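Remember, it's a predicted structure, so these values are computed and weren't measured experimentally. Within every chain, numbering begins at 1; the chains are lettered A, B, ... in the order of the sequence lines, protein sequences first and strands thereafter.
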Protein chains: 2
Amino acid sequence: MTDTRAGSARPGADAPADAADAAGDRVFAALASPVRREVLRLLREEGPQPVQRIAGRFAMARPSLSEHLRVLREAGLVSERKVGRQRLYRLEAVPLHEVREWLDPFERFWREKLTGLRDLLDDLDEP
Amino acid sequence: MTDTRAGSARPGADAPADAADAAGDRVFAALASPVRREVLRLLREEGPQPVQRIAGRFAMARPSLSEHLRVLREAGLVSERKVGRQRLYRLEAVPLHEVREWLDPFERFWREKLTGLRDLLDDLDEP
DNA sequence: ACTATAGGTAGGAAATCTCCTACCTATCAA
DNA sequence: TTGATAGGTAGGAGATTTCCTACCTATAGT
């Protein structure tokens, strides 16, 4: 007994989470894979492409890539459009804006570090 | 037979990957968890904190949070410093700069979408 | 020295991820 | 129509993640 379980401290209490973040979660999760980040880079640099052409860049079977594309699609990061018997996948960059916005408030922290200001307000914080 | 396995198409051929990306991989992977993103936000807004204080925000046992902190530590996103019998965890934002840099080249794409320019160069790309 | 507290580590269960090999459908070309 | 090609889906193996409950060490206070 007595593991001091939190019990009442749920993150939902002061986080606006709920269903709104679910989409963002999927975006961050999609970016966790180097393969998927590379796919996005590829679509950015070379424009919309059929699956085969994308698959040619990776040392993996095509169905595996199809899975990655599904993850990207469900995160809203790519869209597909049928052209003849192939599917053109196209970058949909808007959800990345959400990542950027999440990142923004951290910017001053790394900027302070990178410009050499270093710790300074770090020692004022512990109460 | 004949599944047209790629075989010779390895991403290492035209990607500078190798060991340099490994660190970045860990950063992106660390951000994939909503819990870990929330920990970073917390350290950013309230400064360095001991594990218990962080753990109080989540509905999970403390050892589980310790695991998350380890992931963040190995990604270089937090550092710890012993103070008495507690460990102060502090945000280390510099690795986030790397994420920002990865994101940057995508900016013009979502900006075009958000400002209503829409598709425009999408139809020039397929050869 | 003894007890309580902070927090890491061990090991395991359940879920999820990532890859694979079939296999299926839809379209184009003969 | 028949065959070849593009690409999704099914199902499964193996690795990884995420949570848990013990359990252990180190420091602080009495």
Return the polar atom pairs (N/O with N/O) between nucleotides 12-18 of chain D and the protein under 3.5 Å, or none.
unit_1, atom_1, unit_2, atom_2, d
D/dT18, OP2, B/R36, NH1, 3.0

N/O to N/O distances under 3.5 Å, protein versus nucleotides 28-30 of chain D:
unit_1, atom_1, unit_2, atom_2, d
D/dA28, O4', B/R85, NE, 3.3
D/dA28, O4', B/R85, NH2, 3.3

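Remark: C1' of C/dC17 and CZ of A/R26 are 16 Å apart, rounded to the nearest angstrom. When the P atom of C/dT5 is taken as reference, atom CD of B/Q52 falls 9 Å away, rounded to whole Å. Remark: P of D/dG8 and CD of A/Q86 are 11 Å apart, rounded to the nearest angstrom. Rounded to an integer number of Å, the gap from A/R53 CZ to D/dA6 P is 13 Å. One atom, CD1 of B/I54, and another, C1' of C/dA6, lie 12 Å apart when rounded to the nearest Å. Between the CZ atom of A/R73 and the P atom of D/dT9 there is a distance of 7 Å, rounded to whole Å. Rounded to an integer number of Å, the gap from CG of A/L72 to C1' of D/dG8 is 16 Å. In this structure, B/L69 atom CG and D/dC19 atom P are separated by 13 Å, rounded to whole Å.
The cationic atom of A/R44 (NZ for Lys, CZ for Arg) does not lie both less than 6.0 Å from the six-membered ring centre of B/F109 and within 45° of the ring axis.
Checking A/Q49, A/R73, A/R81 one by one against A/Y89, the side-chain hydrogen bond (donor to acceptor under 3.5 Å, both in side chains) holds for a single residue, A/R73.
In terms of phosphate contacts, B/K82 brings a side-chain nitrogen or oxygen within less than 4.0 Å of OP1 or OP2 of D/dT27. For D/dC20, one of the phosphate oxygens OP1 or OP2 lies less than 4.0 angstrom from a side-chain nitrogen or oxygen of B/S64. Distances shown here put every side-chain N or O of A/Y89 at or beyond 4.0 Å from the OP1 or OP2 atom of D/dA6. Note on B/S66: a side-chain N or O is less than 4.0 Å away from OP1 or OP2 of C/dG8.
Of all non-hydrogen atoms in B/A55 and B/R62, the two that sit nearest each other are CB-CG, 4.2 Å. Across every non-hydrogen atom of B/A32 and A/A29, the tightest pair is CB-CA, 4.2 Å.
B/P50 comes within 4.0 angstrom of sugar-phosphate atoms only, judged by non-hydrogen atoms across all strands, and of no base.
Residue pairs meeting the ring-ring contact (aromatic ring centres under 6.0 Å, His included) criterion with at least one member in residues 61-81 of chain B: none, sequence neighbours excluded.
Between the side chain of B/R36 and the backbone N or O of B/L31, no donor-acceptor pair lies under 3.5 Å.
For B/R62 against C/dG7, a side-chain N or O and a base N or O form a donor-acceptor pair under 3.5 Å.
With contacts defined as side-chain heavy-atom distances shorter than 4.5 Å, the pair B/R100/A/D104 qualifies.
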